[in-house]
Every structure is written in structure tokens, then in C-alpha cells.
Amino acid sequence: MDNTTPSVNPFDRLLDLLCFTPLGLLALLVLVVLPLVPPFNQEYLVRWLVSAAFIASLAIAFDFTAGLINIVNFGYCAIMGLGGYTSAILAERIGLSPWLGMLAGGVTAAVLGLIIGMITLRLRGIFAACLAWFFGLALMGLATKMVWLTRGPLGMRVDRLFETQSNVPYYYLCLALMVGIYIICKWVTRTRMGVAFKAIGQNMEAARTSGINPVFYRVSNFVLSCALGGVLGGFYAHYYGILTPDMMHTSKTVEVLAVAYIGGRGSLWGGAAIAFPFIFAMELVRSSLTNLPGLNLLLYGLLLIVVMIYYPGGFAQFFDTYVRKPKNRMMDYFLNGACGSAK
Amino acid sequence: MIVLETKELTKQFGGLTAVNAVSMHINEGDIVGLIGPNGAGKTTLVNAMAGLNPPTSGQVFIFGENTTGKTPEKMCRRGLSRTFQIPVPFPKMTVLENVMTATIFGNRPGTIRDPAAHSRQMLEFVDFPIAEDTISEQLNTVQLKRLDLARALASGPKLLFLDELASGLSEGELKDMITLIFKIRDQGITILMIEHIMQLIMNLCNRLVCIQFGTKIAEGTTEEVANDPAVTKAYLGDAALDCAPDAQQPA
Amino acid sequence: MLLEVKRLNAGYGFLQILRDVSLTVDTGEYVCLVGPNGAGKSTTLKTIAGLVTPMGGEIRFDGENIGGLPGNQVARRGISLVSEAMNLFVNMTVQENLAMGAYTIRDKKAQKDRLDFVYDLFPRLVERRNQLAGTMSGGERKMLAIGRGLMPNPKLLLVDEPSFGLAPLLTENVFQSLDTLVSQGVTIMLVEQNVTKTLAVTDRGYVLENGRIELSGKSSDLACDAHVRKVFLGV
Amino acid sequence: AKTLKVGVLGPFTGPSAKNGAEFKASVEMALDKIDYTVGDYKLEIVWIDSQSDPAKAASAYAEAVERKGIDCAMQNWHSSVAVAAMDVAAQYKIPHWFGFGATEVVNEKWKADPEKYSYWGGKGWPIPAKMALGYVECLENAIADGSYKPKSKSVAIYGEDTDWGRSLGGALKGFFADKGWEIVSEDYFALTQTDFYPLLGKYKKKNVAVLAGTSTAAPTMTAFVKQAGEVGLRSVIIADGLGWMGDWYKMAGPASNGVLDMIPQLTTKEAQKWATDIKAKYGFYPSPSAGGLCYDGTNMFIKILKRTLEKYGKLDKVTIHKTFVEEIHTGKLTFGKADGALIMNEYRYNADSVPDPVVAKDGYYFPVIQYTNGKGDIVFPDDWKVKPFMAK
Amino acid sequence: MVEQVEKRIWERVLKWCRSLAGLTVIATVVIALLATLDRGGYVLVNTVVTGGMTALVAMGLALTLGVLNIPMFAHGEYFMIGTLVAYYVFTPISEYVSTHPESLLAFWGPLVTIVAAMIIGALAGVASELLVFRQLRKRSRENWVMNSFLLTVGLSVVLINAHQLFFGADFKGIVGYWSGMPFSIMDVYISKDRGIAFILAAVVVAAFWFFMTYTRTGRAIRAVSQDETGALMVGIGLNGILLLTMSLSCALAAIAGAGLLFMYPSYPSVGLEPLYMAWFVVILAGLGNVLGAVMGAFMVALLKVLTVEYIGSGWDFVVPSALIIVILIFKPSGIFGSEVRGVLDK
Ligand SMILES: Nc1ncnc2c1ncn2[C@@H]1O[C@H](COP(=O)(O)OP(=O)(O)OP(=O)(O)O)[C@@H](O)[C@H]1O
Ligand SMILES: Nc1ncnc2c1ncn2[C@@H]1O[C@H](COP(=O)(O)OP(=O)(O)OP(=O)(O)O)[C@@H](O)[C@H]1O
Ligand SMILES: CC(C)C[C@H](N)C(=O)O
Ligand SMILES: [Mg+2]
Ligand SMILES: [Mg+2]
């Protein structure tokens with residue numbers, strides 16, 4: 001909200017425009033080169049990278065609703081699944097290109113987001129979360145029972161996006177999606193819309209009497225968040241090559257939610273930052289301790305409990321309070337950027 | 001000129017009629033007091049007029065236009081603001097951000113160049129005692145009410161509803177409050193206030209409306225209403241005698 | 001001394017509100033605590049009642065240090081708080097609320113006696129005994145809150161802003177009830193914004209400003225004190 | 001010595017973990033016997049947990065290839081996993097042996113690009129349509145010889161809502177309809193459902209003569225059978241899959257008397273010894289259709305490895321795949337009772353059948369059995385039967 | 001005088017009938033009767049029996065919501081603990097009984113099992129309260145509903161996987177508790193297990209209701225649910241009550257689990273379905289409304305039975321979800337109204 005000082009050089013201004021700090025940019029660069037350097041150039045690690053980037057993107061888009069307007073969209077993965085199914089069905093039935101399919105997935109998800117947004121309008125907190133949850137369950141039920149369309153639990157086979165067998169292109173695509181989603185979300189929060197989101201998330205009545213139209217802002221928030229989820233669903237479909245109603249299950253939403261909250265609600269970047277180490281740690285435990293099946297999930301549950309008890313603000317809050325206040329000016333620039341906004 | 005008028009306004013909650021066919025009006029430049037026992041329906045009446053709880057039946061006219069059932073955000077754009085009996089502004093925002101939100105959304109886009117400066121001005125205007133970067137959940141009730149007032153003023157109202165703005169103030173602070181409300185009135189803002197503190201009512205208001213069990217029992221100039229036996233019986237008790245208007249009332 | 005508070009420090013989280021507050025209340029006294037907004041009056045009462053944990057200092061009640069005990073333990077020792085927010089059980093009836101007030105009394109007969117006492121004091125509650133507390137008007141709730149505070153036959157009753165948000169008629173009623181109680185021998189510590197009124201009815205008073213006790217003395221003396229008049233009455 | 005890393009794909013965690021446990025036990029038993037050696041190769045097992053989820057299974061599979069460096073793989077339980085895993089196998093050119101996953105989809109996919117999917121060597125379980133006829137014939141026979149007189153020729157189809165449940169249900173429906181039975185209803189329920197009172201009440205009202213269907217989840221299937229008894233249904237119940245889990249009778253109890261199932265029996269001495277060995281070592285009785293088939297599949301894989309070594313002098317993914325194409329898909333290499341097969345007479349594949357094994361009485365064949373007190377007796381086909389079919 | 005009282009009661013009944021709660025209850029009963037006439041007695045009987053069991057699970061969930069203000073996602077896991085304990089207690093008993101059929105245990109064994117499950121369930125509740133929820137409560141009450149909800153999500157993951165790790169993933173089930181012929185009501189057969197489980201549920205629900213309304217401790221629990229500070233002020237030990245409530249709620253879930261072992265064998269994620277059912281009920285009835293949950297359980301049961309009857313098996317997720325969405329739209333606080341403050345006010 002502050003005016004930028006005129007002495008800022010063009011690089012910093014661009015960076016600020018893209019909502020990145022120098023640290024954030026560095027992190028992004030690391031992610032970009034990661035699949036090219038050993039040991040990360042092995043395909044299975046690239047797969048882990050893809051799933052981390054995927055969860056990270058979902059966490060950002062999820063946090064856009066949960067963190068900003070304080071409504072937990074508990075059916076988020078079902079909406080993502082809707083995007084995936086749309087894209088897959090269009091590709092299969094009318095041969096639509098997967099790229100357009102992903103967009104179409106975004107559009108259907110957005111329409112559903114519009115409906116859920118309109119309906120939850122009158123509801124608060126936990127009720128809205130429950131409603132979204134039951135929407136998700138109903139959607140999953142439909143995907144299970146509309147066998148003629150989705151093949152139900154039998155799973156729907158989808159053509160993959162790229163011809164190659166390598167996962168690297170998928171990784172870059174997903175990374176690009178992640179950065180794009182982050183920038184879109186962050187941009188929106190910088191406009192007056194962002195102020196409105198914060199306001200209606202905190203006190204609906206005061207927001208309304210201050211002249212904020214909650215219908216418009218709440219619904220647009222839902223629509224954007226769901227649309228992004230739908231696009232990601234399209235990516236999921238054309239990456240894994242198979243869709244089952246299970247991908248819409250609550251436990252999938254829980255995974256996203258855990259990453260977003262451990263990362264730090266409302267920060268947008270927290271979930272993305274935490275997703276990579278989190279997914280890698282989980283996969284490592286799982287694949288190294290195969291004789292103790294379930295141990296990785298047990299650890300993940302414990303982690304969630306510990307974070308929630310001792311640091312409910314998540315990683316972002318920790319970072320903001322302890323790391324982000326350096327004495328040194330160079331460090332300060334590095335961590336906070338020249339203009340002091342974002343990542 | 002009449003800035004606000006209600007016709008047979010009624011509001012029911014389930015079986016309970018909280019406001020029962022109330023017709024009243026407010027003239028431009030007035031400070032009107034709305035009094036009545038606890039649970040009489042004052043807050044409900046104000047909510048119905050401000051669009052927060054649409055009335056069950058009856059009509060509201062604001063600046064001559066029928067605004068019955070219009071949403072509060074639309075009312076706000078038309079120049080109606082209000083404070084809350086139990087204020088909880090945006091708890092996680094700083095004091096300044098709170099006011100800025102109203103500045104940004106309450107005024108037509110483009111009319112205010114520098115929202116931050118405008119908001120600071122508002123805080124100054126209401127004499128806000130605490131640093132502007134305090135997170136507002138750390139404020140106490142009285143400070144919250146003051147903040148709520150600044151927020152309400154920031155959206156540039158022509159008509160302002162105040163719901164028990166002064167409860168919890170000590171006698172000295174009441175004096176400051178009286179001065180402040182006159183200052184607001186002098187900006188050309190018409191005021192409707194709910195209040196239980198007779199000292200304030202008697203000093204500030206030129207007209208009073210008294211309701212009981214949701215029904216209007218008296219309306220008129222301050223003296224008329226305050227001396228109305230029905231009002232004395234229902235509301236004031238002996239206390240009315242203690243709080244005759246002060247001599248030093250500014251013109 | 002019934003209650004002796006020595007150099008009490010207290011606050012919320014890292015935010016300290018009370019600084020070295022010391023005060024005493026003797027059995028049968030009617031004492032008031034006045035001060036401007038945010039001075040920490042409610043915090044003082046809440047700390048005595050065990051709802052806020054003290055950061056330092058001592059609270060002696062009947063000779064025993066009760067500082068740091070949780071609220072329920074304090075209540076068991078005979079201190080009752082009628083809080084600003086009243087904290088009624090909104091989905092219980094008046095009678096049930098009063099019964100909860102006597103939670104610490106296990107003797108059925110004694111409970112009955114206390115109930116009769118409260119109903120005598122506030123006949124209005126008798127009429128409403130089967131109404132849900134959440135549906136009562138503000139003044140009735142205040143009566144109920146005071147009534148509930150009296151149920152355990154407390155040695156010390158702490159009352160926080162009984163007139164807050166009440167219509168003048170009801171305010172009058174509440175003050176009269178408090179007077180009656182004092183005349184029946186209950187020890188009361190009152191916090192109230194209406195300073196003139198408060199100083200007129202109580203015996204002794206403390207003035208709290210910015211978390212410190214600035215003045216204390218007989219209420220009639222305080223009422224004439226120049227500082228008090230300047231701070232509270234603006235004259 | 002040289003090592004050959006063999007992946008074993010199975011649901012080791014998740015809802016079907018019990019099957020995973022049977023897989024694990026059977027594979028270990030088979031490999032223990034040869035001391036994990038084939039020729040001068042040491043076999044090293046890499047467990048690949050499918051977690052009953054195709055997406056996760058695909059990741060885990062790829063990881064096993066790249067990180068743990070498996071050269072070949074075997075087994076699998078779920079159809080949905082098979083559909084996903086066969087792509088991964090094709091991608092890395094990993095020969096995969098004996099994956100279960102009965103679904104027609106696998107066959108369709110396979111046939112669409114036989115070269116690419118030839119890595120999905122041979123299925124461990126043929127499509128349901130090839131098996132389900134037995135039930136209908138069994139009942140028709142009984143009607144013909146007068147030992148079974150249904151009030152009406154009506155049948156209700158039920159099943160778990162998965163590829164497996166629907167394909168078997170569909171097949172049964174077709175066969176029954178062909179023989180002039182009336183299909184009263186067709187219901188598919190969630191894999192985890194265990195309360196069938198409403199559904200069974202409906203069947204009771206309609207007075208259905210036969211209930212026919214399947215579920216792979218033991219709690220589901222046993223609950224269905226048990227509750228059918230409780231609501232007083234007198235219908236003949238076909239509960240395909242009831243006996244697949246070793247300990248099923250502990251849950252189903254006497255309500256299972258008279259229920260029909262298709263399950264290979266542990267008829268031979270070796271087979272029974274194998275079962276007691278597993279019980280002694282792992283603490284549970286294995287089922288012939290999960291553990292037993294897996295055990296046979298593993299042994300057949302060992303035979304394949306031996307042949308490959310013989311023929312090409314080395315074991316790697318290329319040579320093993322060559323054996324698949326040249327020896328198995330042509331029907332040259334088979335595995336039968338003489339080789340020590342416990343369950344089937346002979347596992348044999350040919351150009352027409354691939355990826356399925358040849359279904360025939362002397363090949364891969366499930367007899368129909370009827371339970372009494374937890375023990376199944378073959379009631380069909382006639383030349384194997386030990387007891388006649390008995391209506392309730 | 002008597003007449004007047006009668007008239008008063010009559011008026012109140014009439015008023016209740018015209019309220020949403022009354023209308024839905026009446027509609028439920030009417031629909032149930034119509035469906036029974038249409039399809040036969042089993043519709044009614046199944047509804048009642050299924051409803052009783054659902055009530056047990058839902059009541060515990062409503063209790064944690066109402067008193068502790070925790071939207072419990074791990075409730076199913078206490079159900080799972082109930083099944084697990086019951087399996088390990090009952091298996092030896094049933095082996096003993098099979099060799100000594102005349103022993104008293106043939107009848108009392110199952111009850112012993114259920115009581116054991118109840119005790120362990122209560123202990124599990126105590127452990128979770130002490131190790132998890134109290135730790136959070138000590139640190140911060142801010143955003144409590146959401147934070148505690150996430151805690152329960154974590155708890156659920158931990159418990160499911162702990163089961164998998166220590167007890168394996170196989171199905172640990174039994175044939176049944178009581179042997180013997182099924183009862184028959186209205187030409188519908190009900191197994192002894194189901195019948196007794198229903199009676200058990202009815203007894204527990206009644207006892208629980210009595211406890212909550214008439215005992216000192218029960219009242220204290222309700223008081224805490226309505227105002228924690230108020231409860232402290234009148235001398236109610238908050239920690240004790242919270243602990244008690246948690247253990248009660250978990251014990252209820254465990255009783256349900258143990259009572260239904262014959263239908264739900266124990267395995268790690270057995271609790272998911274009961275959890276969903278319980279949430280359906282609790283939302284339908286109103287968050288935290290314990291007695292409403294009992295009524296709601298029967299409604300959900302009817303809905304389930306009718307869905308299977310008229311639409312088909314497997315739709316019993318879609319239809320209730322859709323209905324609950326509709327209810328939330330028109331009456332967010334549920335049919336019987338919500339008693340939760342933190343949820344409603346914030
Ligand atoms: N949302 C609601 N639902 C049901 N009843 C309500 C609702 N809001 C207010 N009421 C009831 O309507 C009546 C009028 O309430 P209102 O808040 O308008 O009183 P008031 O005059 O502002 O009183 P006070 O001076 O105590 O603030 C009260 O009896 C109250 O209980
Ligand atoms: N729960 C809380 N958390 C943080 N700060 C608080 C809390 N409650 C009160 N405060 C702060 O403590 C200070 C003293 O509050 P307190 O309520 O004791 O004042 P008071 O003298 O009773 O004032 P009033 O006349 O407004 O009731 C205020 O500045 C207030 O902001
Ligand atoms: C092995 C089969 C009988 C069952 C397996 N679940 C499938 O889907 O094919
Ligand atoms: Mg009011
Ligand atoms: Mg106070």
C-alpha cells in the first residue's frame with residue numbers, strides 16, 4: 001500500500017511487480033535447475049518434484065480462500081477432480097486438446113465455485129466448510145455412480161500431455177503453473193480486492209457497512225480459487241494418465257490443507273515453500289522403511305499435531321517473526337526485497 | 001428536509017415482534033435520540049433501517065428514496081454509516097487499515113487520492129488515543145467504539161447511526177464525547193443515536209423517539225419526550241430528575 | 001482483613017496491565033474501585049477471581065494466598081464475581097442458572113435456603129424461573145447474574161459495572177439491590193463508571209489509573225478530591 | 001555374484017493390505033525354496049506398495065525402477081492399479097509377470113498396442129466373463145436333474161462398485177439372462193459398505209431365488225452373507241470371493257452354509273503342506289486364490305528366469321522380455337502340476353488368449369464350490385464334483 | 001387450574017408441531033409410515049435399528065462439538081478403538097464359550113466385552129485430551145475451532161496408521177455376539193446381535209440424557225458448553241469437566257464400535273464411514289445439539305434406507321449429501337438448532 005520510492009532500480013521494480021523477493025527468486029531458480037543436477041536428475045526424484053510442485057500449487061490456490069476469507073473449502077480436491085474429469089472427458093469424447101481441456105476444467109470448476117460461493121454466502125466459518133465438504137462428497141459420489149460418463153471406480157484412462165516418457169517437461173509445466181498461480185493470487189491481494197477479502201474474512205457486518213459488497217468479493221474469491229484448482233485437476237489428469245473418484249476424496253484435501261497450514265495460512269507462499277521438503281521427507285521415509293508401512297503417514301500426522309499446537313501460524317509466521325528482521329541491510333534487501341512486498 | 005423516514009416498520013424474529021409498526025422521521029441536521037428500555041428493539045430498528053436485517057414489513061425512505069431491503073453496502077454508498085453496540089471491527093488489521101478499508105470502499109472510486117492520509121485525518125478527528133499500527137484486537141471496548149466511529153466517518157456519511165457509543169465512558173469522558181458529536185454534526189452530518197446515558201441525551205439531542213416492546217410510545221422534542229409520563233414510567237424512573245440539561249450546552 | 005492484595009502485577013500474554021496494585025477489603029465493607037477506561041479495573045477483579053493469572057505479587061484471602069489458583073478454586077473459597085459480560089448459561093433456565101451458582105454447595109437444604117434468599121431479593125426472577133437466560137432482557141440478566149453470584153453465600157462479592165448498558169430505571173434497581181445486600185452484611189467490592197453515584201453509595205474507594213492505585217480513602221473524601229474531580233468529572 | 005532385482009507390486013498398506021500380506025508370504029516362501037538364486041544370479045526383492053491407488057502405485061513403481069534399479073517385476077492385485085502400472089512397465093521396458101487385475105480394460109489396452117504392452121507379460125487372472133459361466137451352468141444342471149426347484153427363475157445381481165465387481169456382475173447378468181432368468185435388480189455398493197440390511201430387505205420383499213455377485217473385501221462379503229441369513233433370506237447365494245481371504249470363516253460363520261463360490265481347492269498334498277507352512281511361519285492360513293495363485297505365479301516366474309538364463313546366458317530386462325514374447329505368448333513355456341503348481345492344472349498362454357491365461361479344465365480353471373461349516377466342496381463341473389449341489 | 005395447565009401444554013405441543021423441528025419430525029414419521037405401507041415392514045424396522053446405532057456415534061460427536069467446541073474429525077478412530085478392543089477381548093471369550101456352551105459367559109461375555117471397550121475408549125479420550133487438546137488450549141485459544149479441527153485431522157491420521165503399524169491391516173472380525181435364532185417383528189427378522197445392540201443403544205442414550213439433564217456433573221458439562229468463564233466463576237473445575245467430556249464422548253464412540261463389531265470388523269480405517277454418518281447427523285440436527293442428534297440419527301437412517309429402496313445401493317452418499325446441502329442453505333443452524341457459541345458467533 002505504500003508508494004514505492006523513486007530510487008528503486010528497474011530490476012527491483014520488476015521483481016516487486018512479480019511479487020518476488022530476491023530470496024524467493026533464488027529459491028525459484030534453485031527449483032528450476034534442480035532436475036538438471038544429480039542426484040535430482042533421476043526420473044523418480046523428478047516425479048517427487050512434480051508431486052511437490054503440484055501440491056504446492058494446490059496449497060497456494062487453497063490458501064487463497066482459506067487464508068484470506070477464512071473459509072476452508074473442504075471439498076477442494078473434489079472440485080479439482082471435477083476439472084480433471086472435464087478435461088479428460090472432453091479429450092476422450094470430442095478429442096479436445098489437453099491444453100484447452102485444462103482451461104475447460106478451470107471453467108467448469110469456476111462455475112461450481114460460483115455455485116458454492118453463492119450458496120455459502122449466508123453461512124459462516126464451519127458451516128461453509130461443511131457445505132463445501134458435502135458438495136465434495138456428493139461430487140465424488142456422482143463420479144462414482146455416473147459410470148457411463150466417468151467409468152466410476154474403474155478409473156478413466158487419459159492421454160498424457162507430452163509424448164515423451166520423461167517427467168521433466170511435466171515438472172517445468174507444473175512449476176510454471178505454480179509460479180503463475182502465485183503471481184495471480186498475490187496480484188489480486190494487492191488490489192482493493194485484497195483489502196476486501198481481508199475485511200470480509202474478519203468481520204462481515206463491519207465490511208458491509210463500510211461499503212464492501214460481500215456477494216461479489218466472496219464469490220469472486222471462490223471462483224478464482226476453484227478455477228485454479230480446476231486447471232490443476234486438468235494437469236493431474238493428463239499427467240498421471242488415470243482418474244479415479246478417489247482423487248476427490250477428503251483425505252486428499254486434508255493433504256493439501258496440511259501443507260497449506262504447516263506452511264502458514266494467509267501467506268500464500270508458505271505452503272509452496274514447505275511442500276518440497278515435506279513431500280521429499282514423506283517419500284523418503286516411505287520408500288526407505290518399506291517394512292514399516294504407514295510410518296510415514298504416522299509421522300505426518302504427528303507433525304501436523306505438533307505444528308498446530310506449538311506454531312499454529314505455521315512456517316510463514318515463524319519466518320516473518322524470527323528470520324525477516326535482520327540487522328544487516330544487505331540481508332534485509334535479500335529477505336524483503338527493495339519494496340517490501342511479498343514472498 | 002426529511003432525511004430519513006420509516007412507515008409502519010415491523011421486524012419479527014420467529015414469533016417475536018421486536019419492532020412493531022414504527023413510523024418516525026429525522027430532519028436534516030438533527031441529532032435524534034432513540035431511547036427505550038433494554039430489549040425494546042432499538043438496535044433492531046436501526047438494523048432494519050440500515051439494511052442489516054431487512055424488515056418484515058413497512059418501508060424506509062432515505063433522502064426521499066425507498067431503500068427498504070437494500071443491502072448495507074448500497075446504503076453506505078448512499079451516505080449512511082453506523083457504529084455497532086458491540087463493536088468488533090476487523091480484528092487482525094491495524095487501526096489504520098481498519099479505517100482505510102472504509103475509506104477505500106465507502107467512497108466513490110477516485111474521489112479520495114490518498115486513502116492513508118484521509119484515514120489518519122479521521123483518526124485524528126475522533127481523537128484516537130492509540131498508535132495507528134496497533135492490531136485492533138488488542139483494544140478495549142471503549143477504544144473499539146472510538147475506532148468504529150472513525151471507520152464510520154471515513155466512508156463520508158451524510159447520515160450517521162450511533163448505537164450506545166458512550167456506554168462505559170466516565171463522566172469526564174462524556175463531556176469530550178459531547179463535544180465530538182457536536183463537531184460531527186457541524187460537518188453537516190445528521191445523527192441518530194441510541195443511548196442510555198441521560199446526561200448525553202439531554203445535552204445533545206434536539207428530538208427524541210422512545211420505544212417500548214417494539215412500539216413507539218413517544219416522539220418529539222427532547223423536553224416533550226423527557227417529561228412524557230409514559231416515558232418516565234417505562235424508562236427513566238427517578239433518574240430523569242438528576243440529569244437536567246447542563247447550562248453550558250453549546251449553541 | 002478479609003482480602004489483602006499486595007503489589008499485584010498482572011496482564012494478558014506479554015502485555016502487563018496492573019503494576020504493583022495493593023488494596024484491602026475488610027469484612028462487611030462496601031468498597032469501590034474507580035478509574036478511567038482501560039485502567040485495569042476489570043483486570044483487577046478478574047485477577048482476584050482467578051480468571052487472569054498474576055505475574056507477581058500476593059492475593060491473601062482469609063489469610064491464605066490465593067494468587068495463581070484457578071477460578072474454580074477461588075470460587076470455592078468464597079469469592080464470587082459478577083463480571084461485565086455476566087457469563088450466564090444462556091441455554092439454561094433461570095432456575096438452572098441459579099442452581100449452577102450453588103455448584104459448590106452440596107447440601108440440598110442449604111441450596112434451597114440460598115435460592116429462597118435470592119428469590120426474596122429479586123422477586124422478578126421468581127416469575128421468570130423457567131425462562132431461558134438467553135431470552136431475558138438486559139436488566140433481568142444483570143439481576144440473574146448478581147443472583148447467581150450470591151447463590152454460594154460468598155464471603156466477598158465482586159461486582160463489575162452493574163449499570164453498563166442498562167436503562168436508567170434498571171440501573172436504579174440494581175443499585176438498590178446492592179444496598180440491600182450490604183445492609184444484610186455482604187462484603188462488596190464494586191467497579192463502576194458512574195463515579196459520582198458510586199462514591200455516594202460506597203464507604204471507601206480506590207482510584208486506579210494506568211494500572212496503578214493513585215489514591216485511596218473514604219468515598220466522601222474522594223468525591224471532593226480535586227484530582228478525582230479533574231479526571232472523572234472534567235472540572 | 002550377479003544380482004537380479006525383482007519388484008513385487010502389491011497393496012501392502014491401505015484397504016487391501018491383507019492381500020498384500022498374503023503376497024509377501026507367498027513370494028518369500030517360493031524364493032526361500034530356491035534360496036534366492038537362479039543360476040549364478042542372486043535374486044533381490046524390492047517391495048512396491050501400490051497403496052490401492054493407481055496414481056501412487058505408478059509413482060512407487062517408477063521409483064522402484066529408477067532408484068532401486070529393478071530389472072523385472074511381478075504380481076499386482078487391483079485392476080485399476082494394473083491399468084496404470086502397465087504403462088509404467090511399458091515406459092521403462094520392465095518385464096512384469098503375473099499381474100492380477102482381471103478387468104477387460106487391461107486386455108483392450110494390451111490388444112490396442114501388443115508390442116508396447118508385451119512387457120505386461122501375462123495376467124494372473126483372466127477376465128471375469130471367462131469364469132462366471134460356471135455358476136449358471138451349475139444351477140441349470142441342478143434344475144435339470146431336479147435337485148433344485150426355484151420358485152421363480154429370478155436373480156438379483158450385486159457387487160462391489162469397482163472394475164472387478166461390475167465386470168463380474170455384468171458377466172453374470174448376461175449368462176443368467178441367456179438362460180431365461182429374470183434379472184430383478186442390479187446394485188453396486190461401496191467397497192467398504194458393511195450394512196446390507198436395507199438391500200437385503202429389498203431382496204427379501206421381492207422373493208428373489210438367487211443372489212449373485214462379488215466383493216474382494218472380506219468384511220463386505222462376509223457381512224453380506226451373514227446378514228442374508230439374519231434377515232431370513234432363503235435364496236441361493238453366489239458370493240464370488242467369499243473364500244479369498246484365509247480367515248473368512250471367522251467372520252462369516254454358519255450363515256455361509258450353502259453359499260456358492262468359485263475357488264480353487266488345496267486338493268494336493270503339496271498344497272496343504274504349503275498352507276500349513278504359511279500358517280506356521282506367518283500366523284495365518286492363506287487363501288488359494290490370493291496367496292496360492294501368487295505362489296504359483298512366483299514359481300512360474302522362476303521357471304521363466306531359468307529358461308531365460310539357459311537360452312541367453314544372462315538375465316536382464318531385455319532377455320526376460322524376449323522370453324515373454326518368444327516362449328510364453330507362443331505357448332511354448334507353461335507351468336503345470338508337474339512343475340509343482342499348487343492351484344491350477346496348468347498355466348498356459350497362447351496368441352489368442354494373451355494377456356489372459358488359457359481358461360480350460362486342464363488349464364486355468366475355477367471349480368464352483370459350496371460351503372458347509374467353512375469348508376468348500378466342489379459341486380461343479382461334474383467330473384470334479386465331490387458332492388451334489390444342495391438347495392436350502 | 002388443571003384445565004389451564006392442560007391448555008398450556010397443548011398450546012406448546014401445537015407450537016412445537018408448527019416449528020421446523022416439529023414439521024420435520026412429523027414429516028419423517030409420515031414418510032416412514034408411507035414407505036412402510038408401500039414396501040413392507042422392513043423399512044420401518046431397518047430404520048429404527050440402524051438409527052439407534054447411528055445415534056450412539058453421533059451423540060459423542062455432538063458432545064465434543066457442543067462442550068469442547070472441537071469439530072472432531074477423529075471420532076471414527078475411537079469407534080475403531082472400540083472394535084479393536086472388543087475383538088481382542090471377545091475372541092478368547094468366544095473360544096471358551098465354544099467349549100463351555102453352558103457357561104454364564106455365553107450371555108454376559110459380550111457385555112463384558114462392550115464394557116471393556118468403553119473403558120479403553122474413555123482412556124483413549126483422556127489421553128488425547130491431556131496430550132493434544134489441553135496442550136493447544138494452554139497455548140492459545142485464538143482461532144480455536146479451526147486449529148483444533150486440524151489437530152483432530154492429525155490425530156485421525158496418527159491413530160489409523162498406528163493401528164496399521166501395530167495390529168496390521170487384516171480384518172479382525174467375529175461371527176456374532178449372541179448365537180440363536182433371529183427375532184421376528186412384523187414379519188421382519190432381526191438378528192439377536194442387532195436387536196440387543198439397539199436395546200443397548202437405547203439404554204445408553206436414555207442414561208446419557210438423564211445424566212446430562214439431572215445430575216450435577218451433567219449440568220456442569222452443559223454449563224461449560226455455554227460459558228466457560230461463567231463455569232469457572234461458579235466453581236466448576238474446567239479441566240476436570242473437559243477431560244470428563246472428552247472421555248465420555250470417546251467412550252460413546254467405543255461402545256458403538258464394540259457393539260457393532262459383528263458388522264464392522266476391526267481394521268485401520270473402519271472409522272471413516274461411521275464418521276461421515278455422524279457428521280451428516282450432527283449437521284442435520286444442528287452442530288453440538290446432543291439430543292437433536294438422536295432424532296437426526298433416525299432421520300439419516302430413514303434417508304439411507306429409502307435411498308437404497310427407491311434409488312439403488314451406492315447412492316447413499318450422494319442423496320444425504322445433497323439433502324444436507326439443501327438444509328444448510330435454508331437452515332444453517334440445523335433442524336433442531338445449534339447450541340454452539342464459538343461456531344455461531346464467529
Ligand atoms: N437475531 C435475533 N433473533 C431473535 N431475537 C432477537 C434477535 N435480535 C434481537 N432479538 C430480540 O429482539 C428484542 C429487541 O432487541 P434489541 O437488540 O433491538 O434491543 P435494544 O433495544 O437494542 O436493547 P439494548 O438497550 O439492551 O441494546 C430483544 O428481545 C432481543 O432478544
Ligand atoms: N483479553 C485481553 N487481552 C489483551 N488485552 C486486554 C484484554 N482484556 C483487556 N485488555 C486490555 O487491558 C487494559 C485494561 O482493561 P480492563 O478491562 O481491565 O479496563 P477497565 O478499567 O475495566 O476499563 P473499562 O472501563 O473499559 O471496563 C485495556 O487496555 C485493554 O485493552
Ligand atoms: C484379483 C481379482 C479377483 C480382484 C482384483 N481386485 C481386480 O480388480 O481384478
Ligand atoms: Mg441495543
Ligand atoms: Mg471493565
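Within every chain, numbering begins at 1; the chains are lettered A, B, ... in the order of the sequence lines, protein sequences first and strands thereafter.
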Legend entry - A:Tyr239 portion near chain D, given a 4.5 angstrom heavy-atom threshold: neither

Legend entry - Atom pair CG (A:Asp246) and CD (D:Gln51), whose distance is rounded to the nearest 0.5 Å: 11.5 Å

Legend entry - Shortest non-hydrogen contact between D:Tyr188 and A:Lys145, atoms and distance: O-NZ, 2.9 Å

Inset, instruction - Check whether D:Val46 gets within reach of chain A through its side chain, its backbone, both or neither, counting any heavy atom under 4.5 Å. - result: neither

Inset, instruction - Mark yes when over 12 heavy atoms from residues, nucleotides or ligands other than D:Lys281 sit less than 6.0 Å from its NZ; otherwise mark no. - result: yes

Legend entry - Part of A:Ser51 lying under 4.5 Å from any heavy atom of chain D: neither

Inset, instruction - Check whether any side-chain heavy atom of D:Glu66 lies under 4.5 Å from a side-chain heavy atom of A:Leu45, and answer yes or no. - result: no

Legend entry - Atom group of A:Val50 that falls short of 4.5 Å from chain D, counting heavy atoms: neither

Inset, instruction - Before accepting this row, confirm whether a basic side-chain N of the pair A:Arg160/D:Asp87 lies closer than 4.0 Å to the acidic partner's carboxylate O. - result: no

